[in-house]
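If you scroll down you'll find the structure; I have some questions about it.
Residue numbers count from 1 along this sequence.
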Amino acid sequence: MAAAAAAPRPVPKLPDGYDRWACLYPAYINKDKSRAEGRRIPKDKAVSAPTCKEMLDVLSTSGLQVIGERKIYCREKSKEPPFWGRVRVQLKSPAGELVNPKFSTRDDVMLYAAEKIPQLKSRTNPKHTQDSGQQQGKQGKGKKRK
């Protein structure tokens, strides 16, 4: 039983040239960050508080090959789990040709992600938070009678 627990996890095979793929952090397209804090696109095109998962969802449907990694951006002040993550995107094949002519630079990919993230269902129909449920419960209660 101890031998089964000590067995290493199988490492997934990464594609050829993976180390040359473009790295994108959510901070690059975050409207709430300044240029000094890591934003790389214009503020009017950026999105508020993007996550790595949202970037993966959007870019995986774009036809590009993407892989998520558990990394933290070096300029990120908060080291909390919601700020973890990096996305690797294949822009060029190992031969040097563009994978998708629509995305010739990493800026094209960042602008595409910033445009599509607000259209995600999780953004358009957010789940109700616990606070709103607690407020509704408090409003319905009357005075206690002795």
Quiz item: Between Arg35 (side chain) and Arg40 (backbone), is there a donor-acceptor pair under 3.5 Å?
Solution: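 Such a contact is found between Arg35 side chain and Arg40 backbone.
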
Quiz item: With distance as the sole test, does Ser104 use its side chain to make a donor-acceptor pair with the main-chain N or O of Pro101 at under 3.5 Å?
Solution: no

Quiz item: Which heavy atom in Ile29 sits nearest to a heavy atom in Pro50, and how many Å separate them?
Solution: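 Taking every non-hydrogen atom into account, CG1-CG, 3.7 Å.
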
Quiz item: For Lys121, does the NZ atom have more than 12 heavy-atom neighbours from other residues, nucleotides or ligands under 6.0 Å away?
Solution: no

Exercise. Take Glu69 and Arg88, measure what salt bridge (Lys or Arg N to Asp or Glu O under 4.0 Å) needs, and give me the verdict at the end.
Key: CA-CA 8 Å; Glu69 296 178 319; Arg88 288 241 188 188; 3.4 Å; yes

Quiz item: Please, which pairs that meet ring-ring contact (aromatic ring centres under 6.0 Å, His included) have at least one residue in residues 85-109, sequence neighbours excluded?
Solution: Phe103-Tyr112

Self-check item: Considering all heavy atoms, the nearest Leu59-Ala113 contact
Solution: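 Closest approach of Leu59 to Ala113: CD2-CB, 4.3 Å.
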
Self-check item: From CG (Leu120) to NZ (Lys53), nearest 0.5 Å
Solution: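 Rounded to the nearest 0.5 Å, the CG-NZ separation comes out at 8.5 Å.
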
Practice problem: For Asn30 and Ser48, indicate whether the former's side chain and the latter's backbone hold a donor-acceptor pair under 3.5 Å. | Solution: no

Please report, to 0.1 Å, the donor-acceptor pairs under 3.5 Å made by any side chain of residues 70-77, with sequence neighbours excluded.
| unit_1 | atom_1 | unit_2 | atom_2 | d |
| --- | --- | --- | --- | --- |
| Arg75 | NH1 | Ala36 | O | 3.1 |
| Glu76 | OE2 | Lys33 | NZ | 3.4 |
| Lys77 | NZ | Glu37 | OE2 | 3.0 |

Quiz item: Are any of the side-chain nitrogens in Lys92 or Glu97 under 4.0 Å away from the carboxylate oxygens of its partner?
Solution: no

Quiz item: Should Arg123 and Glu54 count as an ion pair when the cut-off is N to O under 4.0 Å?
Solution: yes

